[in-house]
Amino acid sequence: MTDRPAKPQGLGAGPITSQLGARTPQYLDGLNPEQHDAIVSVDGPLLVLAGAGTGKTRVLTTRIAHILHTRRARAHEILAVTFTNKAAREMKERIGKFVGGAIEGMPWLGTFHSIGARILRRHAELVGLKSDFTILDTDDQIRLLKQLLQAENVDEKRWPARQLAHVIDGWKNKGLQPSQLSEADAGVFADGKAVKIYQQYQARLKVLNAADFGDLLLEGIRLFKENPTVLAEYHQRFKYMLVDEYQDTNVAQYLWLRLLAQTNEHRDTANVCVVGDDDQSIYGWRGAEVDNILRFEKDFPGAKVIRLERNYRSTSKILKAASHLIAHNEDRLGKTLQTDVGEEGEPIAVTSVWDSEEEARNIGEDIEQLQRQGHKLNSMAILVRASFQMREFEDRFITLGLNYRVIGGPRFYERKEIRDALAYLRIVTQPADDLAFERIVNVPKRGLGDATIRLLHDAARAANVPLVQATRELIETDELKPKQRSTLRGLLSQFDEWAMRLQTLPHSEVAEAILDESGYTQMWQNDKSADAPGRLENLKELIRSMEEFETLGGFLEHIALVMDRDSADADDAVSIMTLHAAKGLEFDTVFLPGWEEGLFPHQRALDEAGKSGLEEERRLAYVGITRARKRAKLSLAQNRRIHGLWQSAIPSRFLDELPADVVEVKDTGSSYGGINYGGRDQATKFDRRDPFESVYETPGWQRAQRQHKSRSFDRGPTIEGELVARSTNTASSSRYKVGDKVLHLKFGEGTVAAVDGNKLSIDFASVGRKKVLESFIQKP
DNA sequence: CTTCTGATAATTTTT
DNA sequence: TTATCAGAAG
């Protein structure tokens with residue numbers, strides 16, 4: 001019996017019942033042919049190329065509903081991976097609607113990391129861990145690496161632990177264990193010691209019974225490779241696999257998936273469906289390989305490819321602008337989005353303003369105006385390239401009394417007080433957790449300083465036991481001074497006491513007691529600083545959220561892996577977030593500020609990844625514009641304060657890449673010059689010049705010239721035929737010397753008082769001494 | 001051992 | 001501009 005409908009459209013079927021095939025299921029109503037095809041093609045490998053706003057999530061969730069409905073597999077036999085918790089949650093909700101609320105049955109729907117952790121815990125002993133291992137976050141990671149660097153006598157100034165963490169993360173993203181690295185891979189870090197320390201780091205993690213984010217996948221790969229029977233178990237379990245945002249997978253994730261999707265004697269076809277959009281790949285810096293999506297057909301021979309190109313979100317003008325922009329990228333599979341909205345809509349507005357303050361003011365006014373016209377704040381969003389841009393908007397909105405909400409700011413669990421509290425919980429449940437112990441031994445202050453800690457460390461290392469164990473032994477000796485000894489003894493007995501209480505009492509209750517009895521709460525109550533009350537509030541919130549979890553372990557897992565922050569969705573508020581955070585969302589009106597060279601495209605992306613970096617930035621721009629349903633409003637500031645210093649900026653090259661006929665340029669009175677579109681007139685491409693001045697004397701031009709010259713000497717990543725403005729110019733020495741008379745755009749005339757590389761101290765006639773960047777001054 | 005001070009550095013995106 | 005860190009003084 002087949003339930004596959006003959007036609008895409010359903011026949012107005014009634015509610016979904018568990019009876020098979022009686023009618024065309026309702027969930028297949030209202031789909032376009034491609035979507036329908038993507039949903040019902042459940043057997044064999046399938047690649048769905050889903051452009052922005054083409055109903056990707058709908059396809060994914062409906063597909064799962066379809067598999068369930070047709071009884072091809074049961075809920076626990078479907079593996080569905082997403083990148084973010086948000087996406088996972090959304091999918092759960094939507095599937096829940098199809099299936100009628102019984103979502104309990106989708107245990108294998110989640111992020112790569114949460115599913116990786118889940119699998120790893122079941123077989124932890126096979127990779128040298130215990131099933132209750134701790135998941136370390138970046139902070140822990142860095143502190144651990146710091147210790148290892150110290151032990152290796154590496155100069156931390158020159159080779160910061162943070163940087164090493166990046167290097168190691170990079171390896172892990174590529175699926176590389178220390179043993180798979182050769183001398184040649186060591187790179188320059190700390191004179192090639194990186195591999196050695198990576199090895200030590202991994203060993204240390206095992207001792208600590210801990211895994212970092214990368215391990216959740218990397219150790220999973222090792223587990224599957226070394227234990228074919230375990231892998232076979234999952235082969236049997238997962239009848240269908242689905243992957244969201246496939247363009248964002250890194251090598252490790254790819255390997256992990258491929259192991260699970262392997263064909264073998266038990267199955268000759270992999271029912272794996274991946275959904276993605278190469279034009280929305282924006283996580284290359286995190287190790288994502290667009291290649292994965294580009295070579296899917298090779299990996300899975302006979303794979304079916306379906307393109308979703310009908311956009312149900314944006315007006316044709318918005319879509320045209322976005323398509324035109326992204327067409328400048330060379331590395332893409334190529335799609336042609338067509339609008340289904342049937343509305344031309346408003347043109348893309350581009351506003352040039354004097355500085356970032358004015359930008360915030362303008363956008364604030366626009367928002368108020370829209371609000372007066374009856375638009376909800378919830379339907380508007382400001383998407384920035386870098387999080388520091390957010391502050392200006394927040395400031396402005398506070399003075400305006402405009403409701404806003406910041407999405408994806410500092411995560412709840414990254415706050416100091418939360419991490420401290422968690423460390424207490426961790427050390428109680430997990431006595432081997434040295435990192436947690438170190439974090440809280442002297443918080444609040446107990447008179448246990450460096451000297452004492454070092455002693456504990458030495459003892460622990462000598463005996464090769466965790467710190468807590470070493471401490472237990474040390475307090476029985478005279479190694480410690482009496483005062484410290486009794487303090488430590490007291491602390492340890494508290495640990496024991498709390499651990500005991502956890503056996504019988506509810507964990508949230510014990511947690512509260514821990515925070516009180518340790519003096520941690522008191523510490524913040526005594527703190528007179530402005531943010532102390534907020535921190536206490538956060539601690540309360542922490543305890544409250546613990547109540548939702550059955551076990552403490554479950555709660556700790558949630559904290560480690562889930563970035564969920566309760567956002568008060570109920571209020572009407574403008575959203576402020578980064579472009580990265582905006583992926584997958586949509587708004588009627590989208591404000592895109594800061595379209596300036598150096599900020600967007602971001603200088604670092606250009607410096608570090610050259611052309612591919614530029615293309616990724618362009619995809620980011622594409623993502624930004626395609627978030628808009630009805631209105632996209634771009635803006636750029638001619639001056640921006642980067643860190644204390646004013647920098648002048650030139651318009652983003654992306655502005656030149658927009659089709660002139662759907663763009664409407666606005667220029668506020670306070671700026672001079674204008675912007676030029678279409679890029680036909682090269683002389684005015686970076687057009688922000690004083691009308692009385694030659695083009696070739698503008699700072700932007702001069703800077704570009706200088707960069708252009710200096711670049712022929714170093715072989716840093718460059719972009720052919722593009723003039724790349726760099727904000728800093730570390731290599732060359734200054735063109736100026738003390739006593740030179742100079743001219744600065746904002747500060748006017750002045751005299752050079754000191755030269756420090758490319759930074760100059762200048763005494764200005766009008767504003768006194770200021771530090772400025774050489775690139776922003778000129779000879780009068 | 002703690003606290004204060006001054007200096008210095010660093011500013012993208014995140015599971 | 002801001003946060004963080006090291007060093008010196010208490």
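Labels below follow one simple rule: chain letters A, B, ... track the order of the sequence lines, proteins then strands, and each chain is numbered from 1.
For the pair A:N442 (side chain) and A:G449 (backbone), a donor-acceptor distance under 3.5 Å is absent.
Between A:I407 atom CD1 and B:dT13 atom P there is a gap of 15 Å when expressed in whole angstrom units. For the pair A:D450 CG and C:dG7 P, the interatomic distance rounds to 12 Å; values are reported in whole Å. Atom CD in A:Q389 sits roughly 12 Å away from atom C1' in B:dT13 (whole-Å rounding). Taking atom CG of residue A:N442 and atom P of nucleotide B:dT3, one finds them 10 Å apart after rounding to whole Å.
A:R391 comes within 4.0 angstrom of the backbone, heavy atoms only, and of no base. Residue contacts for A:F83: at a heavy-atom cut-off of 4.0 Å it reaches the sugar-phosphate backbone alone, with no base atom in range.
Nearest to the side-chain atoms of A:T578 among the listed nucleotides C:dT1, B:dT15, B:dT13 stands B:dT13. When the nucleotides C:dT1, C:dC5, B:dT13 are ranked by their closest atom to the side chain of A:R641, C:dT1 comes out on top.
Once the 5.5 Å centre distance and the 30° plane angle are applied, the aromatic ring of A:H602 is found not to be stacked with the base of B:dT13. The aromatic ring of A:Y283 does not sit over the base of B:dT13; the criterion of centres under 5.5 Å apart with planes under 30° is not met.
Taking the six-membered ring where the residue is Trp, the centroids of A:F83 and A:F112 are separated by under 6.0 Å. Ring centroid separation for the pair A:H328 and A:F654 does not come in under the 6.0 Å cut-off. Taking the six-membered ring wherever Trp is involved, the centroid distance between the rings of A:Y283 and A:W285 falls below 6.0 Å.
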